[in-house]
Amino acid sequence: MKKRQVVITGAGASGLMAAIMAARNGAAVTVLEQNEKPGKKICATGNGRCNFSNLARPDDAYRGEHPEFVEDALREFSVENTIEFFKEIGIYPLNRNGYLYPRSNQAQSVVDVLCMEAASLGVKIKTNEQVTEIKTGTNGKNFQILTKGWHYDADALILANGSRASSVSGSDGSGYMLAESFQHRIVPVYPALTALKCKGSSFKAWAGVRTEGEISLFTDGKFCKSEHGELQLTEYGISGIPVFQLSTYAVRAVREGHKAELRINFMPELSEEELKKLLYARKKACPYKNEKELLVGLFPEKLIKILISQKQLVSAIREFPLEVQDGMSFSQAQVCSGGVDTSQVNSQTMESKLCRGLYFAGELLDIDGTCGGYNLQWAWSSGAVAGKNAAKEEKN
């Protein structure tokens with residue numbers, strides 16, 4: 001019996017997982033990758049160490065117009081399934097407070113074992129192949145995928161091209177155009193998990209400061225969300241993981257014409273009254289100190305200069321205001337928000353509701369995760385579900 005032909009565009013995390021699962025389920029699989037080698041974005045994750053999943057999952061781990069879309073895929077191919085899968089193909093997981101990394105501490109290890117497993121299953125990975133057009137219903141197949149130098153026929157097609165985020169070459173958003181050619185709506189795509197540029201011209205004075213704090217986002221004056229952790233103060237505004245977590249909402253708000261404001265609490269462990277008492281006690285203990293000297297030991301020197309320049313010191317410490325101008329460029333973002341409208345995709349199979357035999361996986365969809373391995377877990381889960389279902393024979 002002739003094998004079902006499955007073609008996958010993109011040899012990133014979701015594409016490689018989809019290829020392996022489709023091949024394990026009996027399909028003949030070809031992966032088309034426009035870069036010179038597979039898995040380049042995987043190698044850039046986790047500062048080259050690859051935080052490939054996470055044992056915990058906060059309520060807002062996934063974002064999008066329909067964040068509940070992730071539930072079926074995450075049940076079908078769970079974190080536990082992911083751990084067992086990678087153990088099976090050679091990755092020994094290292095648990096750092098719930099954040100999972102390969103024991104080797106090398107992201108390349110993850111790419112290597114995925115490619116070895118794919119090769120053992122007969123998956124063909126064609127590099128330097130950029131898809132230029134997709135035709136339907138030719139040569140007795142559902143799809144004909146055209147590249148600059150060849151064409152590939154397929155019974156099922158999985159679009160796993162990734163997003164526009166990352167400085168890695170090939171992160172060009174070409175998958176969105178391919179999806180649009182099948183009449184899929186693209187939710188506007190913006191940088192996410194990125195630093196934020198803020199309005200003002202005095203940020204050079206605090207550039208380079210790292211400090212603990214709580215940062216809250218307000219859109220059009222309404223509280224949206226807050227995050228706590230190490231903040232990085234920069235010459236253009238602010239960065240750090242707490243900022244990354246808010247950036248999805250802040251960038252989308254600004255680009256859609258809303259006002260996005262940040263308020264930083266540089267000492268969130270104290271209430272306003274406790275902070276006032278602390279400053280009073282420090283002044284009483286050392287009456288010879290001026291306002292600047294009283295803050296030495298509480299905050300970095302550069303930050304002290306900024307704080308004392310404000311009208312009210314307590315307010316400056318607890319609610320330092322910043323207005324968001326924009327996020328950084330796509331090349332400086334870890335992921336994107338937006339993408340293929342998930343209401344047009346079957347959450348149980350990852351198959352298009354508009355085109356039979358067309359599947360989606362990974363970042364191309366309107367799903368983005370917070371920092372901590374959630375975006376890669378989505379890639380593994382959605383890729384596994386898409387690959388498994390794309391390999392199934394169509395039922396009339």
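As the structure is a prediction and not an experimental result, all values here were calculated from the model.
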Flag side-chain contact, heavy atom, 4.5 Å: Gln130 against Thr147: no

Residues forming a side-chain contact (heavy atoms from CB on, under 4.5 Å) with Lys126, sequence neighbours excluded: Thr30, Leu32, Lys124, Glu129, Tyr152

Main-chain N/O of Phe77 paired with Ser381 side-chain donor or acceptor, under 3.5 Å: yes

Ion pair Glu351/Lys392, N-O distance below 4.0 Å: no

Lys/Arg-Asp/Glu bridge criterion (N-O < 4.0 Å) met for Glu71, Arg57: yes

Criterion side chain to side chain contact (heavy atoms under 4.5 Å, CB included) on Arg63 and Arg252, from CA distance to verdict: CA-CA 12 Å; Arg63 294 89 177 265; Arg252 186 164 293 276; over 6 Å; no

Trace of the side chain to side chain contact (heavy atoms under 4.5 Å, CB included) decision for Leu295 with Leu279: CA-CA 8 Å; Leu295 298 184; Leu279 295 176; 4.0 Å; yes

side-chain contact (heavy atoms from CB on, under 4.5 Å) partner of Ile264, chosen from Ile238, Ile317, Val243: Ile238

For Asp368, the option from Pro67, Ser337, Ser163 that meets side-chain contact (heavy atoms from CB on, under 4.5 Å): Ser337

Any donor-acceptor N or O pair under 3.5 Å, side chains Thr342, Asp366: no

Minimum side-chain heavy-atom gap Phe69-Ile367 below 4.5 Å: yes

Trace of the side chain to side chain contact (heavy atoms under 4.5 Å, CB included) decision for Val254 with Gln325: CA-CA 7 Å; Val254 168; Gln325 179 179 340; over 6 Å; no

Hydrophobic cluster membership, Leu298 vs Leu270, 4.5 Å side-chain cutoff: yes

Any Thr127 side-chain heavy atom under 4.5 Å of Asn35 side chain: no

Sidechain-backbone polar pair: Lys302 side chain, Ala207 backbone, donor-acceptor under 3.5 Å: yes

Gln312 side-chain N/O to Val314 backbone N/O, donor-acceptor pair under 3.5 Å: no

Residue list, side-chain contact (heavy atoms from CB on, under 4.5 Å) with Ala156, at least two apart or on another chain: Arg4, Val6, Tyr359, Ala390

Side-chain donor/acceptor of Glu214 to backbone N/O of Ser226, under 3.5 Å: no

From OG (Ser104) to CD1 (Ile91), nearest 0.5 Å: 5.5 Å

Smallest separation among heavy atoms of Phe244 and Ser239, with atom names: CE1-OG, 3.6 Å

Nearest atoms (heavy-atom pairs only) where Ser174 meets Gln34: OG-NE2, 4.2 Å

Shortest non-hydrogen contact between Leu196 and Gly327, atoms and distance: CD2-CA, 4.1 Å

Side chain to side chain, Phe86 and Leu114, heavy atoms closer than 4.5 Å: yes

Neighbour count >12 (heavy atoms, 6.0 Å) for atom CG, Asn47: no

ILVMFWY network linking Val296 to Ile306, side-chain heavy atoms under 4.5 angstrom: yes

Validation row: Val385, Asp72 side chains within 4.5 angstrom (heavy atoms): no

Residue pairs, two or more places apart or on separate chains, that pass ring-ring contact (aromatic ring centres under 6.0 Å, His included) and touch residues 183-220: His184-Phe360, Phe203-Trp206, Trp206-Phe320, Phe218-Phe223

hydrophobic_cluster_shared for Phe299 and Ile308, side chain cutoff 4.5 Å: yes

Close aromatic pair by centroid cut-off 6.0 Å: Phe85 and Trp380: no

Check: Gln310 side chain, Ala316 main-chain N or O, donor-acceptor pair, under 3.5 Å: no

Rounded distance (nearest 0.5 Å) linking atom CD1 of Ile42 with atom SG of Cys115: 8.0 Å

Residues, nucleotides or ligands: over 12 heavy atoms within 6.0 Å of Lys289 NZ: yes

Compile the donor-acceptor pairs under 3.5 Å between side chains in residues 176-183 and protein atoms, sequence neighbours left out, one pair per line.
| residue | atom | partner | partner atom | Å |
| --- | --- | --- | --- | --- |
| Ser181 | OG | Leu178 | O | 2.5 |

Shortest non-hydrogen contact from Ser247 toward Ala192: OG-C, 3.8 Å

Heavy-atom donor-acceptor pair, Asn375 side chain to Gly369 backbone, under 3.5 Å: yes

Lys225 side-chain N/O to Gln245 backbone N/O, donor-acceptor pair under 3.5 Å: no

Heavy-atom neighbours of Lys283 NZ exceed 12 at 6.0 Å: yes

Gap between atom OG1 of Thr370 and atom CD of Gln334 - 0.5 Å precision: 10.5 Å

Contact check, side chains of Leu100 and Asn54, non-hydrogen atoms, under 4.5 Å: no

Side-chain heavy atoms of Leu376 within contact of Asn51, under 4.5 Å: no

Any residue meeting side-chain contact (heavy atoms from CB on, under 4.5 Å) with Asp326, in chain and number order, not counting sequence neighbours: Lys197, Val251, Arg255

Test applied, side-chain contact (heavy atoms from CB on, under 4.5 Å); reference residue, Ile304; option that passes from Glu291, Lys292, Glu293: Lys292

Glu80 and Ser78 side chains, donor-acceptor separation under 3.5 Å: yes

Nearest-0.5 Å distance that lies between atom NZ in Lys353 and atom OG in Ser347: 7.0 Å

Closest non-hydrogen atom pair between Glu363 and Cys336, with its separation: OE1-N, 4.2 Å

From Ile241 atom CD1 to Leu246 atom CG, the distance as rounded to the nearest 0.5 Å: 12.5 Å

Hydrophobic cluster membership, Met17 vs Ile158, 4.5 Å side-chain cutoff: yes

Shortest non-hydrogen contact between Ser382 and Gly362, atoms and distance: OG-N, 2.9 Å

Expected output: side-chain Arg103 to main-chain Tyr92 donor-acceptor under 3.5 Å: no

Joint hydrophobic cluster, Val7 plus Val131, side-chain heavy atoms closer than 4.5 Å: yes

Any donor-acceptor N/O pair, Asp220 side chain to Lys259 backbone, under 3.5 Å: yes

Side-chain (Asn161) to main-chain (Gly10) donor-acceptor, under 3.5 angstrom: no

Residue list, side-chain contact (heavy atoms from CB on, under 4.5 Å) with Pro300, at least two apart or on another chain: Val209, Thr211, Leu303

Inter-residue atom distance Ile83.CD1 - Gln377.CD, 0.5 Å rounding: 8.0 Å

Any Asp341 side-chain heavy atom under 4.5 Å of His66 side chain: yes

